[in-house]
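Here is the structure we will look at.
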Amino acid sequence: MMPIDTPSTPAAEPSQFALLGQRRFAPFFWTQFLGAANDNLFKFALTVLVTYQLQLAWLPPSLAGLVIGALFILPFVLFSATAGQLADKLDKALLMRFVKSLEIGIMALAGWAFVQTDDQVRVATLLACVFAMGLHSTLFGPVKFAYLPQHLSERELTGGNGMVEMGTFVAILLGNVAGGLLIGLPQVGPAAVAVACVALALLGRLTAHQVPATPATDPGLRINLNPLTETWRNLKLAHGHLVVFRSLLGISWMWFFGAVFLSQFPAFAKEVLHGDERVASLLLVVFSVGIGAGSLLCEVLSRRQVEIGLVPLGAIGMTVFAVDLYFASSGLAAPAAPWGVAGFLAQPAHWRIMLDLALMALSAGLYSVPMYALIQLRAPKSHRARIIAANNILNALFMIASSLLAGAMLSAGFSIAEVFLATGLANALVAGYIFLLVPEYLLRFVAFLLTHVVYRLRVSGAGHIPAEGPAVIAANHVSFVDALVLAAASPRPIRFLMDHRIFATPVLGALFRLAGAIPVAPQKEDPVVYQRAFEAASKVLADGDLLGIFPEGGITRDGRLQPFRGGIARIIERDPVPVVPVALLDLWGSSFSRIEGGRALARPLRRGLFSRIGVAVAAPMPARGLTPEALQHQVQHLLDIHSLSRTSTPTP
């Protein structure tokens, strides 16, 4: 992005789809895509086979999806710790090729089992292959998420993760549709599934051969083959980074939530919606399209940064549409014969069900993609794959728990729709708990709403904010929501040093306390609070984080920049870190600004909903020799430059 010292408009950055034309991303994307497609073609074909075509006393249709799902994720519990070590120790491209070679052997055995005539031998062998494919995915998982940060920049991570999540769920969609259609072919269904599984495994091995070298991040690592001790070590390692660990818990809950729905789709289609296997495939199509749309939407809404403010928005949608799905699917009359796709779509009541599924899935995409990107960004590089392995372990445990709890509820007489309702309500409780543990999500959510609903935010020079390491963000102070606007504009979290009086403001005060803002009072008024504030600010910088300050010491009453006080000099004298000048544009005159006489929120809103506001960021200034007057001059220069730009350039 161009420096903001000129009023030029920065060139548009390439879309996330441009990554598909680059070798650093495309072979990896297609390897992941083909593997996910094969997993789901195989599992869904087996689920449909057991649910609709076979009658096995030891595996009733209502439990088939749960059993297959539990077998697939069991290896994640047993072997994720070892997989994480391998991904940190070895070249990830070489490891991908080994995993895809293993897939060919597993699918060859599954293909043989599909064409057997003894149902007991056939299903037992196929269940063993489900476990083996779970092992294949366990080995690939840490590689998948540790690969991206080595080849994508920070501003590409959200788009790259969105593409991978979109591709994964499109692959799930195509795999499930193909599995359902192929297994349903008269006489040749099992053989067709066998051929398709082997063909996809071979194609995946070919694409893996094109993945560029991805050097080990810890080649000297000694492999601990004890899965129990290594699993515990990985969980402790992840727990050492609390924001990362709690994000892992949030992702694991998402998989708990999703596993309940995905595992029950065949039985839900048959027993609740009274449809055939093609209706079950249709539900998976709708769900997968929703996940893909939500994953891609993250890039649009996040402005090419890791926007965790989308996570609470996604959580709200997951609950709302899961609860509505219960009401939409209750009391449906059974037809004389199971619905086919055409008959199912002809019923108006069924469109509400599909809309609930689509929007619930879209919300899950908004929820998960920023969390994955945050983990990749915040996890230490040398331990990234092992932390991803810890994530896979937690995911597996949560998914197994979801299978057990859903199975227990069904066995106790609950309907599938009631299981969905309970899951949706539980999501509200779990999400609320996570957001209280990690207030950064809630702060960014409020900032996201402010800058997407109340106003439209435009940021110039965001690349000047350091990607890592300590820095002071120094801005003019024009309204009560300046901190929220800055939080929305920054790709990294900011701890703010704020006037202690703002903490008495309803709602905003509680929000800033929750976000860990540091209260400061004038030294003459309260020397203890004054001293504690500077000590806390020093600790923020010592921890390598961003500190946000408003050097004017209060909100302007007339819209003009006020003299900068000496507190900034004291901060950088003690901790000589770069200082980033920032100008907040167009917020003065809003209902959040202060008017003459000190009365706040008393004037009618001059700037209506969706009015444009701006944040302009200049290059960091070195601490050595920096005075409050020089910093004030640079912020004023930003205000003057952008004021000139707005008056000389038509507003788009």
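Side-chain atoms are counted along with the backbone in the values below, which use heavy atoms only and exclude waters and symmetry mates. All values derive from a computational prediction rather than experimental measurement. The residues of the chain are indexed from 1 along the displayed sequence.
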Closest non-hydrogen atom pair between Gly275 and Pro338, with its separation: C-CB, 4.2 Å
Side chain to side chain contact (heavy atoms under 4.5 Å, CB included) for Phe33 and Val170? Distances and angles first, verdict last. CA-CA 8 Å; Phe33 181 93; Val170 169; 3.9 Å; yes
Chi angles and distances behind the side chain to side chain contact (heavy atoms under 4.5 Å, CB included) call for Leu95, Leu139: CA-CA 8 Å; Leu95 192 53; Leu139 294 173; 5.8 Å; no
Is the CZ atom of Phe98 crowded by more than 12 outside heavy atoms at less than 6.0 Å? no
For Ala87 and Pro142, which heavy atoms make the closest approach, and how far apart are they? CB-CB, 3.9 Å
Sub-4.5 Å side-chain heavy-atom contact between Lys100 and Leu206: no
Does any donor atom in the side chain of Trp253 or Asn427 lie under 3.5 Å from an acceptor atom in the other side chain? yes
Quick check for you: to the nearest 0.5 Å, what is the distance between Leu102 atom CG and Leu135 atom CG? 6.0 Å
Any idea which heavy atoms bring Phe114 and Ala45 closest together, and the distance? CZ-CB, 4.3 Å
Close side-chain approach of Phe256 and Val430, heavy atoms under 4.5 Å: no
Checking His274 side chain against Val272 main chain: does a donor-acceptor pair fall under 3.5 Å? yes
Below 4.5 Å, heavy atoms only, C-beta onward: do His136 and Asp39 meet side chain to side chain? yes
Find out whether Phe131 and Leu74 are in side-chain contact, i.e. whether some heavy atom of one side chain is under 4.5 Å from a heavy atom of the other. yes
Here the gap from Thr138 atom OG1 to Met133 atom CE, rounded to the nearest 0.5 Å, amounts to 10.5 Å
Interatomic spacing from CD1 in Ile104 to SG in Cys197 - rounded to 0.5 Å: 13.0 Å
With a 4.5 Å limit on heavy-atom distance, are the side chains of Leu19 and Gln22 in contact? yes
Which class fits the ring pair Phe344 and His350: parallel under 30°, tilted 30 to 60°, perpendicular over 60°? parallel
Provide the closest heavy-atom pair for Phe42 versus Cys129 in the form atom of the first, atom of the second, distance. CZ-CB, 3.7 Å
Return the orientation label for the Phe257 and Phe261 ring planes: parallel under 30°, perpendicular over 60°, tilted otherwise. tilted
Validation row, ring centre Phe265 to ring centre Phe287 under 6.0 Å: yes
Main-chain N/O of Ala428 paired to Thr319 side chain as donor or acceptor, under 3.5 Å: yes
Look up atom CZ in Phe76 and atom CG in Asn395, then write down how far apart they are to the nearest 0.5 Å. 8.0 Å
Backbone N/O of Ser415 and side chain of Glu418: donor-acceptor pair under 3.5 Å: yes
Inter-residue atom distance Arg205.CZ - Leu202.CG, 0.5 Å rounding: 10.5 Å
Evaluate side chain to side chain contact (heavy atoms under 4.5 Å, CB included) for Thr214 paired with Val143, printing each intermediate quantity in order. CA-CA 10 Å; Thr214 308; Val143 180; over 6 Å; no
Dump the intermediate steps for side chain to side chain contact (heavy atoms under 4.5 Å, CB included) on Leu283 and Phe268, then the final yes or no. CA-CA 9 Å; Leu283 299 183; Phe268 180 64; 3.7 Å; yes
Tell me if a side-chain donor or acceptor on Ser402 pairs with a main-chain N or O of Ala259 at a distance below 3.5 Å. no
Any chance you could measure Leu325, atom CG, to Phe420, atom CZ, to the nearest 0.5 Å? 6.5 Å
Between Trp255 and Phe398, is there a donor-acceptor pair closer than 3.5 Å when you use the side chain of the first and the backbone of the second? no
Thr31 versus Thr207, side-chain donor and acceptor atoms under 3.5 Å: yes
Hey, does the side chain of Gln116 reach the backbone of Trp112 with a donor-acceptor pair shorter than 3.5 angstrom? yes
For the pair Asp356 (side chain) and Leu359 (backbone), establish whether a donor and an acceptor sit closer than 3.5 Å, ignoring hydrogens and angles. no
I need the minimum non-hydrogen distance between Ala113 and Arg122, along with the two atoms involved. O-CG, 3.2 Å
Using the ring of each side chain (for Trp, its six-membered ring), is Phe28 parallel, tilted or perpendicular to Tyr147, with breaks at 30° and 60°? parallel
Should Val279 and Lys270 count as side-chain neighbours, where that means a heavy-atom distance under 4.5 Å? no
Side-chain heavy-atom pair Trp339, Gln347 within 4.5 angstrom cut-off: yes
Among Leu126, Leu127, Val121, the one residue meeting side chain to side chain contact (heavy atoms under 4.5 Å, CB included) with Val123: Leu127
Can you tell me if Thr168 and Gln32 form a side-chain donor-acceptor pair at under 3.5 Å? yes
Salt-bridge criterion met for Asp324 and Arg352 (N-O under 4.0 Å): yes
Got Asn38 and Glu103 here, is their nearest side-chain heavy-atom distance under 4.5 Å? yes
Ser252 and Leu394 have their tightest heavy-atom pair at OG-CB, 3.1 Å
